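Sharing a structure here in C-alpha cells format.
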Amino acid sequence: MVIRLHNSLTRSLEELQPLQPGRVTMYHCGPTVYSSPHIGNFRSFLFADVLRRFVEDQGYAVTQVMNVTDVGHLTLDDIEGGEDKMEAASRKTGLTAWDIARKYEAEFHACQQALHVRLPHHMPRATDFIQEMGVIIDDLLQKGVAYQRNGNVYFEVAKFPAYGRLSGKVLDELEAGARVAVNEEKKDPRDFALWKVDAKHQMQWDAPWRDGARGFPGWHIECSAMSTHYLGEQIDIHTGGEDNMFPHHECEIAQTEAHTGKRFVSIWLHARHLLVDGTKMSKSLGNFFTVADILQRGYTGLELRYALVRVQYRQTLNFTLKGLDEARAAIARVHGARQRLVRIREGREAAGGDDLDGAVASANAAFTAAMSEDLNVSEALAAVFEFVNVCNKAQPSVAGAKAGLSAFARFEDVLGCFGPEPVPGAVADAPAELQDLLAERTAAKQAKDWARADALRDRIAAAGWRIVDTAQGPRLEPV
RNA sequence: GGUCCCGUAGCCGAGUGGUUAGGCAACGGAUUGCAAAUCCGUUUACCCCAGUUCGAUUCUGGGCGGGACCUCCA
C-alpha cells in the first residue's frame, strides 16, 4: 500500500518513495537534555515511533536516528538575556553542564522504556560529533557561505536563496518581526551561528579546523553532522516538533545542502504541539506535566502512550487527565476481547465455528488504509474497535481465535498502546489463597449468603483479580 | 503586524456535496442473586452570516472564537 505523508516543505500529501527501494532512512530531532521530559516532548517522539513502526509494518527496512542535544544551542549574542540551556541548568543546580546532560539523558531513556518506544537504531550525542561538525563548518568556510568574526562562525543566509522555503518565511519580513538584539558582528541579522566562542562556557573544544578558535557548536549544525554520518547526505524522512520548523530545520537545510550540493530531506514531518486542558502547557498555568508526573498519578506508560498517540500527529491534541481515564477504559476493552480469544485458542473456553477470516481481512485493510493516509491513528483505532466488536459477537473457532489474535498482534506492533497478549486467565493461574477465597465465595453463593459472597469478591478484586461468572462456573482473570 | 492551523454531539475525536465513524460517559433492554464483562437499542452534532448548488457539516467569502510560528521550546 502506498504511504502518503504530509510534507511540510510542499504543504501537501506526498507518496513515500525511498531513495533506496525497500529501505527508509529517518532522522528525528531528539531531546535537549537540560530538564525532565514532558508529555509534549513525547507526543513528538511517540509520533516518530509510530511512524517507524508503521513503515516497518509495510515491509520497509527502517534505519532510525535520533540525536541527543547535550550541548547548548542558545547563545548570549543571539537573544537578549538568553542563556545556554545546559549552562543555565548547571548554574541553578550546582551540577556541571556535563552532569546535567547525562542525568536528563538517562531520564529520557527511562521514559522511552516506560512508554514502550522501540528504540531508534542510533541515538548519538552532539558532544560526540564535534569533529564531524568541524568538517562541515570548515567546508562551508571554504565555500564562502560561512564567515568568521572574532572566532565565531556564521552561516551567511544570503548565500542560500532557498532559505525560508520550509517555514514559509519571507526573508525581508524576518528582520522586521525579529525580536532579537542586533548582533553587530553578523553581516546580516538572519545569519546563524555554526560555532561560538565564549570563555565562560563550560563545554568547550578546540575548533576542529585550521585557524579556528576554541568554542562550542551552534545548535543546528549537530543534526547535519549526525544525519550525514549515519544516513548519508540524503535522507527520506526528517521529523520534529512544529517549533523546529523555524529556525532549526530551515538552518539545517541551508547548511547541509550548501555543504553537499544535494537535496537533504525528501519529506519533512512536523508534529503539532499538544494542549493541556485547552491551553498551552506551561509551568505558570499549573498544567505542565512531565512523563514522571503522570506515572506518579498512577497511570501506566501504556495508558499515557495511548492518550498521546490516539490523535493524528498534525492535529492539535488536547491532553486531559480524563483522557487518560478514557485511555484506560479503551485499552481494557481491547484487552478483554483478546483475552477471550486466548482462552478459546488455549481450549479454556468452548470454541465456535467462526473463522473470522473476513473480519480479520477487512479490519487489517481498514487499519492499513487509515495509517497509510498520513498516519490517521484515530481512524485506525476505529478499525480496531470495530474489530473488537465483531470478535466479541462471534463464536470463534480455534483457528478463528488465532487469526483474530494475529490481527491484534499486528495492531499492537504498529501502535504499541494495547500491551502484550493477555494471559488466558483461569482459576488455576491464580495464587492458592485466591483460589481458596473463590471456593468460599462459590459456597456462599450456593448458600445464598449474598453479603458474604460479595465481600469475598471484593477481597479478590482488591488482590487484582476479577471474577467472571459463567454458565460453566466462575473464572478468575488478572485485571 | 506577518504567516499558518483549527472550530463536529456531555467529553475526546474521524469523515463526507445527498446514505452508520470510533472511544469514553449517560439511559433502556438481554444476561446476572447483585455485580463485572459482553451483546442489543437510545439520546445530545457538524460556531455564526452570506454565496455557489436540486441539495453544504463538507466548497467559496466574511465574521466570531481558539491555537501555533515569527531566532528558548517537541
Side-chain angles (χ1 to χ4, degrees), chain A residues 11 28-32 34-35 37-48 72-75 78-79 81-85 88 167-170 172-180 183 189-190 192-193 219-220 239-248 250-251 270-275 278-282 306-307 310-312 314-320 322-323 325-334 336-337 339-340 366 370 376-386 388-389 391-393 445 448-451 453-454 457-458 461 466-471 475 477 479:
Chain A
R11 293 169 185 74
H28 313 287
C29 281
T32 302
Y34 67 96
S35 65
H38 58 71
I39 56 174
N41 298 130
F42 266 90
R43 185 197 191 185
S44 294
F45 301 139
L46 289 174
F47 148 63
H73 52 248
L74 180 64
T75 57
D78 281 342
I79 295 186
E83 188 177 12
D84 180 295
K85 290 291 190 189
S167 55
K169 304 294 180 196
V170 178
D172 293 346
E173 290 173 353
L174 283 182
E175 286 183 75
R179 60 188 184 198
V180 298
N183 179 346
R190 301 163 300 179
F192 59 89
W219 171 28
H220 317 297
T239 76
E242 60 175 328
D243 55 292
N244 283 148
M245 202 144 76
F246 186 89
H248 184 50
E250 203 74 77
C251 296
H270 291 95
R272 194 139 226 133
H273 281 185
L274 58 71
L275 304 179
T279 59
K280 184 169 180 168
M281 182 169 73
S282 76
Y306 187 101
R310 66 198 239 257
V311 178
Q312 196 238 12
R314 279 199 301 126
Q315 299 297 323
T316 304
L317 161 68
N318 186 25
F319 181 90
T320 60
K322 187 183 172 194
D325 293 332
E326 294 181 3
R328 175 172 291 177
I331 293 168
R333 181 164 165 76
V334 173
Q339 198 165 46
R340 172 167 175 256
N376 192 336
V377 175
S378 298
E379 198 177 333
L381 282 172
V384 172
F385 284 104
E386 282 172 18
V388 166
N389 181 255
C391 288
N392 285 339
K393 270 192 285 198
K445 278 186 70 177
K448 297 198 187 296
D449 183 353
W450 308 126
D454 292 349
R457 181 172 61 199
D458 290 344
R466 176 171 58 204
I467 297 174
V468 180
D469 289 320
T470 73
R475 184 171 73 232
E477 290 178 357
V479 175

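Just so you know, these numbers use all the heavy atoms, side chains as well, and skip hydrogens, waters and symmetry mates. The sequence lines fix the lettering, A, B, ..., with proteins before strands; numbering per chain opens at 1. Model, not experiment: these values are computed from the prediction.
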Fill in: Below 4.0 Å: OP1/OP2 of B:rC40 and any side-chain N or O of A:Asn389
yes
Item to complete: Can you tell me, in whole Å, how much space there is between the P of B:rU42 and that of B:rG23?
Response: 14 Å
Worksheet entry | Whole-Å gap separating C1' (B:rA26) and NZ (A:Lys322) | 11 Å
Item to complete: Return the orientation label for the A:Phe192 and A:His220 ring planes: parallel under 30°, perpendicular over 60°, tilted otherwise.
Response: perpendicular
Worksheet item: So which nucleotide does B:rC4 pair with, by the Watson-Crick or G-U wobble rule with both distances under 3.5 Å?
Response: B:rG67
Response to the item:
In whole angstroms, the gap separating C1' of B:rC24 from CD of A:Glu326 amounts to 4 Å
Discussion item. Could you tell me how far B:rC5 sits from B:rG17 if I compare only their C1' atoms? Round to whole Å.
Written reply: 24 Å
Fill in: Check against salt bridge (charged side-chain N to carboxylate O under 4.0 Å, His left out), A:Asp454 and A:Arg457
CA-CA 5 Å; A:Asp454 292 349; A:Arg457 181 172 61 199; 3.4 Å; yes
Worksheet entry | Nucleotide nearest A:Leu274 (side chain, heavy atoms from C-beta), chosen from B:rC70, B:rA74, B:rC73 | B:rA74
Worksheet item: Any side-chain N or O of A:Arg314 under 4.0 Å from OP1/OP2 of B:rC6?
Response: no
Fill in: Span that lies between the C1' atom of B:rC34 and that of B:rA30, in whole angstrom
16 Å
Worksheet item: Now, which nucleotide makes the Watson-Crick or G-U wobble pair with B:rU57, with each of the two distances under 3.5 Å?
Response: none
Discussion item. Need one value for A:Ala329: base, sugar-phosphate or nothing, where a base atom within 4.0 Å counts as base even if backbone is also close, heavy atoms only.
Written reply: sugar-phosphate
Worksheet item: Between A:His273 and B:rA74, do the rings stack, that is, sit under 5.5 Å apart with planes less than 30° off each other?
Response: yes
Worksheet item: Do A:Gln315 and A:Asn376 come within less than 4.5 Å of each other through their side chains, counting heavy atoms only?
Response: no
Worksheet item: Do the side chains of A:Val311 and A:Arg272 get nearer than 4.5 Å, heavy atoms only?
Response: no
Item to complete: Using the C1' atom on both, measure B:rU60 against B:rC24 and round to a whole Å.
Response: 36 Å
Worksheet item: For A:Ser167, does its backbone N or O pair with a side-chain atom of A:Glu250 as donor and acceptor, under 3.5 Å?
Response: yes
Response to the item:
As its Watson-Crick or G-U partner within any shown strand, both distances under 3.5 Å, B:rG41 has B:rC27
Fill in: Proximal nucleotide (of B:rA74, B:rU71, B:rG67) relative to the A:Pro247 side chain
B:rU71
Item to complete: Can you figure out which of B:rG22, B:rA74, B:rA68 approaches the side chain of A:Ala382 most closely?
Response: B:rG22
Discussion item. What's A:Ile39 touching, base or sugar-phosphate or nothing? Going by heavy atoms closer than 4.0 Å.
Written reply: nothing
Discussion item. Strictly under 4.0 angstrom, non-hydrogen atoms only: write out the protein contact profile of nucleotides 27-35 of chain B, one letter per nucleotide from the 5' end, B, S or -.
Written reply: ------BBB
Practice prompt. Nearest whole angstrom, please: distance from the C1' of B:rC12 to the CZ of A:Arg333.
Written response: 16 Å
Worksheet item: Which part of the nucleic acid does A:His270 contact within heavy-atom distance under 4.0 Å: base, sugar-phosphate only, or nothing?
Response: nothing
Worksheet, complete the sentence: A:Phe42 meets the ring-ring contact (aromatic ring centres under 6.0 Å, His included) criterion, sequence neighbours left out, with A:Phe45, A:Phe108
Practice prompt. Could you check which of B:rA74, B:rC11, B:rG15 has an atom nearest any side-chain atom of A:Arg43?
Written response: B:rA74
Discussion item. Tell me whether A:Glu242 contacts the main-chain N or O of A:His273 through its side chain, where contact means a donor paired with an acceptor under 3.5 Å.
Written reply: yes
Worksheet entry | Pairwise C1' distance, B:rA35 and B:rU8 [rounded to whole Å] | 36 Å
Worksheet item: Within this structure, what is the CZ-to-P distance between A:Arg272 and B:rC12, rounded to whole angstrom?
Response: 17 Å
Worksheet item: Could you give the CD-to-C1' distance, from A:Gln312 to B:rG22, as a whole number of Å?
Response: 16 Å
Discussion item. Tell me if the side-chain of A:Glu386 makes a donor-acceptor pair with the base of B:rG22, cut-off 3.5 Å, by modelled atom types.
Written reply: no
Worksheet item: Are the side chain of A:Arg310 and the backbone N or O of A:Ala327 linked by a donor-acceptor pair below 3.5 Å?
Response: no
Item to complete: With heavy atoms under 4.0 Å as the rule, sort A:Gly40 into base, sugar-phosphate or nothing.
Response: base
Fill in: Atom pair distance, as rounded to whole Å: CG in A:Leu275 and P in B:rG7
13 Å
Response to the item:
CZ of A:Phe319 to CE of A:Met281, rounded to nearest 0.5 Å, is 9.0 Å
Fill in: Distance between P atoms of B:rG66 and B:rU38 (Å, rounded)
40 Å
Item to complete: Take atom C1' in B:rU44 and the same atom in B:rA25, then report the distance between them in whole Å.
Response: 12 Å
Practice prompt. May I have the distance from A:Phe246 (atom CZ) to B:rC73 (atom C1'), rounded to whole angstrom?
Written response: 14 Å
Discussion item. Using heavy-atom distances to pick each residue's nearest nucleotide on RNA chain B, tell me which of A:Val388 and A:Thr320 is more 5'.
Written reply: A:Thr320
Item to complete: Take atom P in B:rC4 and the same atom in B:rG13, then report the distance between them in whole Å.
Response: 25 Å
Worksheet item: What is the distance from atom CZ of A:Arg475 to atom CZ of A:Arg466, rounded to the nearest 0.5 Å?
Response: 9.0 Å
Worksheet, complete the sentence: The Watson-Crick or G-U wobble partner of B:rG17, with both key distances under 3.5 Å, is none
Discussion item. Side chain of A:Lys393 only, heavy atoms from C-beta on: which candidate in B:rC69, B:rC39, B:rC5 is closest?
Written reply: B:rC39
Item to complete: Mind calculating the distance between CZ (A:Arg11) and P (B:rC69) to the nearest angstrom?
Response: 16 Å
Fill in: Complement of B:rU32, any strand, by Watson-Crick or G-U distances under 3.5 angstrom
none
Item to complete: Look at the side chain of A:Asn318 and decide which nucleotide, out of B:rA68, B:rG13, B:rA74, has an atom nearest to it.
Response: B:rG13
Fill in: Side-chain N,O (A:Asn376) to OP1/OP2 (B:rG15) below 4.0 Å
yes
